[in-house]
Amino acid sequence: MANKADQAKEYISTLRQTDIFYDLTEPQLKMVANVCSEITLKKEEVIFEENSAGDELYVIADGSVAIMLDPDLIQSIAGQSSQSLSIATLRRGQTFGEVALVDKGLRSASARCASKEARLLVIPSDKLLELCDSYPDMGYRLMRNIAADLAFKIRGTDLTIRERLLWQPRVE
């Protein structure tokens, strides 16, 4: 296992490649890296379930993660029996779990490992928000970036759902 200094450098490198952390300064990235932990998952392993409580933000360091919805919670699409609906596959440098960071509500989707193996950085929301409160410049940049990232994801999800609804065969 890498020593703590090497691990921090690796975390900083990964954070720098993400949309929400890309414009933070080196000292700011180091502070965020210091509150990170790491998990490794195998294919199909569940990270969290839709409608579960969440208080962590995840950064994909390696591998991929599928974001899944349970269509039964909305409505069975076109009258078909439902299985989990994959709305996105996220890869290295992408983040997920931001909604729980912003509103402390329940998870809006499930997440599971979509590759043979995935390595994730886990950032506790209370620690990250504490950094944002203590360093307002960093907090402003981070929250602006999270808002832009969430807007992008909402638009993509909206398009995916519209496509699925519009292109499904009609059941009569």
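As the structure is a computational prediction, the values presented were derived from the model and not from experiment.
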Test M143 against I146 for side chain to side chain contact (heavy atoms under 4.5 Å, CB included), laying out the working first.
CA-CA 5 Å; M143 291 305 156; I146 287 173; 4.3 Å; yes

L57 vs I20, side chain to side chain contact (heavy atoms under 4.5 Å, CB included): CA-CA, chis, key distance, verdict
CA-CA 11 Å; L57 168 71; I20 66 171; 3.8 Å; yes

Is there a side chain to side chain contact (heavy atoms under 4.5 Å, CB included) between M138 and T25 once you walk through the steps?
CA-CA 8 Å; M138 180 176 90; T25 65; over 6 Å; no

For R144 and D23, what are the C-alpha separation, side-chain angles and deciding distance, and is it a side chain to side chain contact (heavy atoms under 4.5 Å, CB included)?
CA-CA 11 Å; R144 178 195 63 211; D23 65 345; 2.4 Å; yes

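Taking the charged nitrogens against the carboxylate oxygens, R107 and E50 have no contact shorter than 4.0 Å, which rules out a salt bridge. No salt bridge links K153 with D19; every basic N to acidic carboxylate O contact stays at or beyond 4.0 Å.
To the nearest 0.5 Å, the span separating CG on D103 from OG on S108 amounts to 8.5 Å. Separating the CD1 atom in I154 from the CG atom in L150 is a distance of 6.0 Å, to the nearest 0.5 Å. Note that the CG atom of D62 and the OG1 atom of T40 stand 9.0 Å from one another [nearest 0.5 Å]. Note that the CG atom of D133 and the CG atom of D126 stand 11.0 Å from one another [nearest 0.5 Å]. To the nearest 0.5 Å, atoms SG (C36) and NZ (K127) are separated by 12.5 Å. Rounding to the nearest 0.5 Å gives a distance of 8.0 Å between OG1 of T18 and CG of L24.
No single ILVMFWY cluster, assembled from side-chain heavy atoms under 4.5 Å apart, contains both M68 and I87. Linking Ile, Leu, Val, Met, Phe, Trp and Tyr residues whenever their side-chain heavy atoms come within less than 4.5 Å places I39 and F96 in a single cluster.
Using the six-membered ring where Trp is involved, F48 and Y58 have ring planes that are tilted, between 30° and 60° apart.
Residue-environment remark: NZ (K9) stays at or below the threshold of 12 foreign heavy atoms within 6.0 Å.
Two residues are said to be in side-chain contact when any heavy atoms from C-beta on lie closer than 4.5 Å; I123 and L15 meet this criterion. Residues L131 and Q28 have side chains not in contact (no heavy-atom distance under 4.5 Å, counting atoms from C-beta outward). The side-chain heavy atoms of V32 and L142, taken from C-beta on, include no pair separated by under 4.5 Å.
The shortest heavy-atom contact between A61 and T14 is CA-CG2, 3.9 Å. Scanning both residues, E49 and S52, for their nearest heavy atoms gives O-OG, 2.6 Å. The two atoms that bring A8 and A33 nearest to each other are O-CB, 4.1 Å, heavy atoms only. Taking each heavy atom of G63 and S115 in turn, the nearest pair found is CA-OG, 3.4 Å.
Not a single donor-acceptor pair under 3.5 Å links the side chain of D149 to the backbone N or O of N145. With K43 contributing its side chain and A114 its backbone, the two residues share a donor-acceptor pair below 3.5 Å. Within the 3.5 Å criterion, the main-chain N or O of T89 finds a donor-acceptor partner in the side chain of R91.
If you run side chain to side chain contact (heavy atoms under 4.5 Å, CB included) between I47 and each of V122, I67, L120, only L120 comes through.
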